[in-house]
Amino acid sequence: MCGVFCIASKSPISNNLLNKANSISGFLKHRGPDGDGIWCDKNAGVVLGHTRLSVLDLTDSAKQPMLRCGITLSYNGEIYNYKEIRSKLELRGYIFTSTGDTEVVLYAWKEWGYSSFDMFDGMFSIIIFDGDTITCATDRFGEKTLYYKIENNQIYISSELSSLVNVLNLTPKNNQRLDTLFMLNGYIPSPETYYKGTYRMGPAEVINIKKSTIISRKTYWKLPELDSGRLSIPKLSTKDVSLLRRALIESIESRLHSDAPMCLFLSAGIDSSLIASILKLELNYDIDCITAFFGTDRAFNESSQAADVASYLKLNHQCVNINVSSHSDISNKIIKHYGQPFDTVTTFAMSDMTRAVKGKYKVGLTGFGGDEVFFGYGKHAYVYKYRMLMNSPNVVRSAIGNIVNLVSFNKNTGINSWIKNLINVKDNERYLAMKLYPAINTLRELPHYNEAVNSQYNDINNIVEYTYINELTNVMPNSRCISADLGSMKSGFEFRTPFLNKNIINVTHSLDYRVFMAQGQKFVLRKMLEKYLPKNLIDRPKRGFVFPQDDLIKQSIHKGLSSGVDNSIAHFRNKNPKNDNWKRLAVRAEILNNFKLSV
């Protein structure tokens, strides 16, 4: 994993542009502490740069930018099936001078062009120049992304938005629609950013650039259709479980290729416990396990439960204590870290965790993506439980709401609020009302609310299917992947995610999706894990790796109010939040306010 950047200019590369390239490289140095390089074709108007975190082939043979056969490559990520692809290329006569995956990526592009991206099992952002056209590509799940700024007959491309903000002195635009999108989501959905002419690439996206002009864009992969099932819900067969287990085993095994030391980040949850079990009991691979926790707060400490799993599997285990109090003025740190408003503060815990172990390891396996792929979040279970009601026509839900208003329910039961704020809402508000319950009425007061909702949530038909697809193709690449990437790479550390694998997706989508929820949350993963662990190590509550957001509210809620923040947003700062979703909205309002103050 590394940092990559590029400048494409309509005119020849000047010394000023080279200076900017060097500055961008400096801002990406934390991503690649093991080396850096800049390649330039002045007459063609192209600069490619790279900062290297060496994981595969630690020698200079794999340094970048890499030049072969008239092609220049700057690449960030890992291709886990590179050995298989290399064998195919060798049969076609290609001769390799390195042992890593970078040269494989370059030759695969030369041999198969766009088709090579879909062949890759991995995480990547790639910039290729063939002497005529610059091609940029991202992996299918959005684990690695690219930002680009278009200005003055130039395009600047980088792994991190903050590098472009700093080097190009970008000034954010005042856009209330984006403010509302941030309040609703906690992030700005791609391709937009808060900066004029500055964008982010989405998952599985390819753009082609000639002379500082984007001439085409396309996607090379899309999520397969879900199997909507028949009238009756089928039982999960032993064959189905075996197919899923085999796909996961193969994915984990392919992610063990590394010339740098590797660990596993183990929580008390199903996902990472399943990875640990497969490593030990299927692959006979002894791996060191790391568990992070937040001080003495038991609500955020599952180290003892993780230790039980590691002990049962006879794996080495280490705990990392993260000091929350060290993150003073965290809302401003968030803005500097992400380059724009973003509400995922867990990124700092990831950074602290990886920094604590990077002296011994460079790579860490994680259970990231398991909830998205296997319908594992509480929201998946919730919408499935109430699917008949939430999928009923709007007129039916409205009638239920009217009846509730006429009948005197005991207010302590909360049924009035539940009907009003979750059931009696518009079709395109159902997902949003569920995620931010019970705040929907207050959210409707945000500027450009209807425009934002129509653009983001207007294609909801089946709420269960929509929740799964949106979490996997929208929330994950727009929020969780960026948080994980920036959090780990801030320490020059690589996360690997076995659950984010094309073959696993193909198997899960070949099954009736209801089997993943019909018998309880994470039923399928639990069923797989039963082969390896006793039930007392499986049937335990998962606390989640969540930064204690109460600290953010306590330390920053009394800061001054920016004139650029709409009153409907400022309202959230003045609340005394007790419900988790109100807290989440208060955090977002505070981050947005500090972003406006910093301009």
Side-chain angles (χ1 to χ4, degrees), residues 176-190 192 222-223 225-231 233 372 375 377-407 409 414-479 509 512-514 516-518 568 579 581-582 584-585 588:
Q176 288 189 325
R177 181 182 60 83
L178 290 183
D179 293 347
T180 293
L181 281 174
F182 173 69
M183 289 300 297
L184 298 181
N185 297 299
Y187 56 81
I188 303 301
S190 66
E192 292 189 276
K222 66 177 183 178
L223 194 69
E225 293 289 330
L226 281 170
D227 185 336
S228 299
R230 272 65 56 188
L231 290 177
I233 302 174
E372 286 83 358
F375 298 79
Y377 286 118
K379 61 180 71 72
H380 292 128
Y382 189 90
V383 295
Y384 182 78
K385 180 179 179 179
Y386 295 106
R387 65 193 181 280
M388 298 298 291
L389 185 56
M390 295 184 74
N391 280 332
S392 61
N394 189 38
V395 63
V396 174
R397 299 197 312 275
S398 296
I400 293 172
N402 292 332
I403 293 171
V404 168
N405 288 333
L406 292 174
V407 178
F409 285 100
I415 192 169
N416 283 314
S417 175
W418 187 72
I419 294 293
K420 181 180 180 181
N421 293 298
L422 186 62
I423 303 305
N424 191 16
V425 297
K426 297 176 183 177
D427 283 344
N428 62 0
E429 291 180 319
R430 285 176 291 165
Y431 174 82
L432 183 63
M434 178 267 298
K435 286 207 54 165
L436 293 175
Y437 174 85
I440 191 68
N441 280 328
T442 308
L443 292 171
R444 287 173 180 148
E445 299 173 7
L446 296 174
H448 304 282
Y449 170 80
N450 288 328
E451 180 185 353
V453 170
N454 288 335
S455 68
Q456 286 286 292
Y457 308 108
N458 211 31
D459 56 347
I460 301 177
N461 183 15
N462 182 311
I463 187 64
V464 181
E465 294 182 12
Y466 179 86
T467 299
Y468 170 79
I469 293 170
N470 192 66
E471 291 292 321
L472 185 57
T473 64
N474 188 359
V475 179
M476 187 178 76
N478 280 311
S479 176
H509 284 237
D512 186 324
Y513 71 83
R514 295 174 296 178
F516 293 97
M517 296 165 285
S568 61
N579 172 281
N581 287 331
W582 286 116
R584 185 171 292 112
L585 289 165
R588 291 175 185 175

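Side chains are part of it too, since the values below use all heavy atoms of this structure and drop only hydrogens, waters and symmetry mates.
- More than 12 heavy atoms of other residues, nucleotides or ligands shown are found within 6.0 angstrom of CG on D459.
- The CD1 atom of I440 lies 11.5 Å from the CE atom of M434; values are rounded to the nearest 0.5 Å.
- For the pair E471/K435, a side-chain contact is recorded, criterion being any heavy-atom separation below 4.5 Å from C-beta on.
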Inset, instruction - Mind running side chain to side chain contact (heavy atoms under 4.5 Å, CB included) on Y466 and N461 for me, showing each step along the way? - result: CA-CA 7 Å; Y466 179 86; N461 183 15; over 6 Å; no
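- Rounded to the nearest 0.5 Å, atoms CG (N450) and OG (S455) are 10.5 Å apart.
- A distance of 13.5 Å separates CZ in R430 from OH in Y457, rounded to the nearest 0.5 Å.
- With rounding to the nearest 0.5 angstrom, the CG atom of N474 is 4.5 Å from the CG atom of N470.
- When side chains are defined from C-beta on, N454 does not count as touching E451, because their heavy atoms never get closer than 4.5 Å.
- For Y468 and Y513, the ring centers sit 6.0 Å or farther from each other.
- The shortest non-hydrogen separation linking L436 to L184 is CD1-O, 3.7 Å.
- Side-chain contact between L181 and E192 is present, with at least one heavy-atom pair separated by less than 4.5 Å.
- We find the CG-CD distance between N428 and Q456 to be 11.5 Å, quoted to the nearest 0.5 Å.
- In terms of the ring pair (Phe, Tyr, Trp, His ring centres under 6.0 Å) criterion, residue partners of H380 (sequence neighbours excluded) are, by chain and number, F375, Y377.
- Closest approach of N579 and N581 over heavy atoms only: OD1-N, 2.6 Å.
- Rounded to the nearest 0.5 angstrom, T180 OG1 and R444 CZ are separated by 14.5 Å.
- Side chains of K426 and V453 form no contact here, defined as non-hydrogen atoms less than 4.5 Å apart.
- Heavy-atom minimum distance, N424 versus S398: OD1-CA, 3.3 Å.
- Side-chain contact annotation: E429 with Y449, donor-acceptor N/O pair under 3.5 Å present.
- Nearest heavy-atom pair across L223 and H509 is CG-CE1, 3.6 Å.
- Considering every non-hydrogen atom in both R397 and S392, the closest pair reads NH1-O, 2.6 Å.
- Using a 4.5 Å cut-off on side-chain heavy atoms (C-beta onward), T467 and M390 make no contact.
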Identify all side-chain donor-acceptor contacts of residues 381-389 below 3.5 Å with residues at least two apart in sequence or on another chain.
{"residue": "Y382", "atom": "OH", "partner": "W418", "partner atom": "NE1", "Å": "2.5"}
{"residue": "R387", "atom": "NH1", "partner": "Y384", "partner atom": "O", "Å": "2.6"}

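- In plain terms, the two heavy atoms of P447 and Q176 that are nearest each other are CB-OE1, 3.7 Å.
- A 6.0 Å sphere centred on NZ of K379 holds more than 12 heavy atoms belonging to other residues, nucleotides or ligands.
- Take S190 and apply the side-chain contact (heavy atoms from CB on, under 4.5 Å) test, not counting sequence neighbours, and it matches R200, N478.
- Residues N391 and N462 have side chains in contact (heavy-atom distance under 4.5 Å, counting atoms from C-beta outward).
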